[in-house]
Amino acid sequence: MRSPALYINQNRAAIFDWVVFITSILLGFIFPSLSDFISFSWFSGWMLIAFLMYVAGSWMKHIPLYLRLIRAGKSPREMPMLLLLILGHWIIIFTAILFAEPVIRKIIGVRPAHEGDQVSGRFLLMYMLVAGLVTWLVYRHRKKIKNAARFSVAHLFYRELVADVFLCISIATFTFAFWEKGVMTIFNGNSIKGFSDVWALFLMLSFAFVLFYLPLRYLFLVEDYSNNQTWRRMMYIFGFLILRSLLVILHV
């Protein structure tokens, strides 16, 4: 009988995908519409917590992940679509920071922006730089890890377990915000007149899925992108999302 630790290590990415997917769907029952989600009194605070958890989880996961990659002789630079993933990641993080801006202003003691106010150029530049820094933190390539012997097997396992929990919570929140209440809302207003419109919508949703989910999944993707089971599972999740999205948009 396999130990829980062995099971988690062997199915880490699959657990992550299904937890994020199911959590994102369940959040839809709590916030049926985009206005419900954005008008939630803790929305900005929630997005800031998700952002901080994502940063902490990414930082914690790097050492155990790259120790495995180094030992396996894998290089993340071989991954296809890497530049697209980096661009998508920067856009998501930058937007998440904008969502969290009211709470950020309150924390640093700056007057809260009133409705209709534009984000100042100084803050906008700072948010862009922070988004770039976080993107570098996630996508930076480690060729070696100093004093790797000081990390015990138990330490690496629990460090990555906590990191994965942080990543699951934060990415489920981002996925819900950007896909369920972002992409879906944008496309929901489109008028569908024929098969060509359905096909165009399918292509746009496919691109949106790649742009808004795979970049956040990078720290799992670098390890399993060459595994057929990964893409089969992604196709199941993607297929369900697309079917559900099309039914909602077509008002079926």
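Note that these values count all heavy atoms, side chains included, but never hydrogens, waters or copies made by symmetry.
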Close aromatic pair by centroid cut-off 6.0 Å: [X] and [Y]:
{"X": "Phe43", "Y": "Phe99", "result": "yes"}
{"X": "Phe174", "Y": "His89", "result": "no"}
{"X": "Tyr139", "Y": "Tyr218", "result": "yes"}

Find out whether the Lys NZ or Arg CZ of Lys61 is both under 6.0 angstrom from the six-membered ring centre of Tyr66 and within 45° of the ring's axis.
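No.
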Let me see the working for Ile22 and Leu26 under side chain to side chain contact (heavy atoms under 4.5 Å, CB included), right down to the final yes or no.
CA-CA 6 Å; Ile22 293 171; Leu26 292 177; 3.9 Å; yes
Answer whether the closest heavy-atom distance between the side chains of [X] and [Y] falls below 4.5 Å.
{"X": "Tyr54", "Y": "Ile169", "answer": "no"}
{"X": "Tyr7", "Y": "Ile15", "answer": "yes"}
{"X": "Phe94", "Y": "Leu124", "answer": "yes"}

Can you name the closest pair of heavy atoms from [X] and [Y] and give their distance?
{"X": "Ile97", "Y": "Ala131", "value": "CD1-N, 4.0 Å"}
{"X": "Ala163", "Y": "Gly57", "value": "CB-O, 3.3 Å"}
{"X": "Leu221", "Y": "Leu214", "value": "CD2-O, 4.5 Å"}
{"X": "Ile63", "Y": "Ile145", "value": "O-CD1, 3.5 Å"}
{"X": "Cys168", "Y": "Val20", "value": "O-CG2, 3.9 Å"}

Would you compute the distance between atom [atom1] of [X] and atom [atom2] of [Y] and round it to the nearest 0.5 angstrom?
{"X": "Asp164", "Y": "Arg159", "atom1": "CG", "atom2": "CZ", "answer": "12.0 Å"}
{"X": "Leu219", "Y": "His62", "atom1": "CG", "atom2": "NE2", "answer": "5.0 Å"}
{"X": "Thr23", "Y": "Ile171", "atom1": "OG1", "atom2": "CD1", "answer": "11.5 Å"}
{"X": "Ile49", "Y": "Ser44", "atom1": "CD1", "atom2": "OG", "answer": "11.0 Å"}
{"X": "Met81", "Y": "Ile86", "atom1": "CE", "atom2": "CD1", "answer": "12.0 Å"}
{"X": "Ser170", "Y": "Leu216", "atom1": "OG", "atom2": "CG", "answer": "8.0 Å"}

Please identify each residue that fulfils salt bridge (charged side-chain N to carboxylate O under 4.0 Å, His left out) with Arg68, with sequence neighbours left out.
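Checked Arg68 against salt bridge (charged side-chain N to carboxylate O under 4.0 Å, His left out); matches are Glu160, Glu223.
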Does any N or O in the side chain of Arg105 come within less than 3.5 Å of the main-chain N or O of Pro102, such that one atom is a donor and the other an acceptor?
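A pair under 3.5 Å: no.
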Give a yes or no answer on whether the side chain of Trp90 reaches the backbone of Leu85 with a donor-acceptor pair at less than 3.5 Å.
no
Distance-only criterion, 3.5 Å: show the donor-acceptor pairs between side-chain atoms of residues 230-241 and protein atoms not counting sequence neighbours.
residue, atom, partner, partner atom, Å
Thr230, OG1, Asp224, O, 3.0
Thr230, OG1, Asp224, OD2, 3.2
Trp231, NE1, Tyr225, O, 2.5
Arg233, NE, Asp17, OD2, 3.0
Arg233, NH2, Asp17, OD2, 3.2

When clusters are formed from ILVMFWY side-chain contacts under 4.5 Å, directly or step by step, what else is grouped with Leu161?
Ile8, Phe157, Tyr158
Does the plane of the ring in Phe21 sit parallel, tilted or perpendicular to the ring in Trp18? Use 30° and 60° as the thresholds.
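Answer is perpendicular, since the angle exceeds 60°.
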After noting the C-alpha distance and the side-chain angles of Leu133 and Leu129, does the key distance pass the side chain to side chain contact (heavy atoms under 4.5 Å, CB included) rule?
CA-CA 6 Å; Leu133 180 61; Leu129 292 175; over 6 Å; no
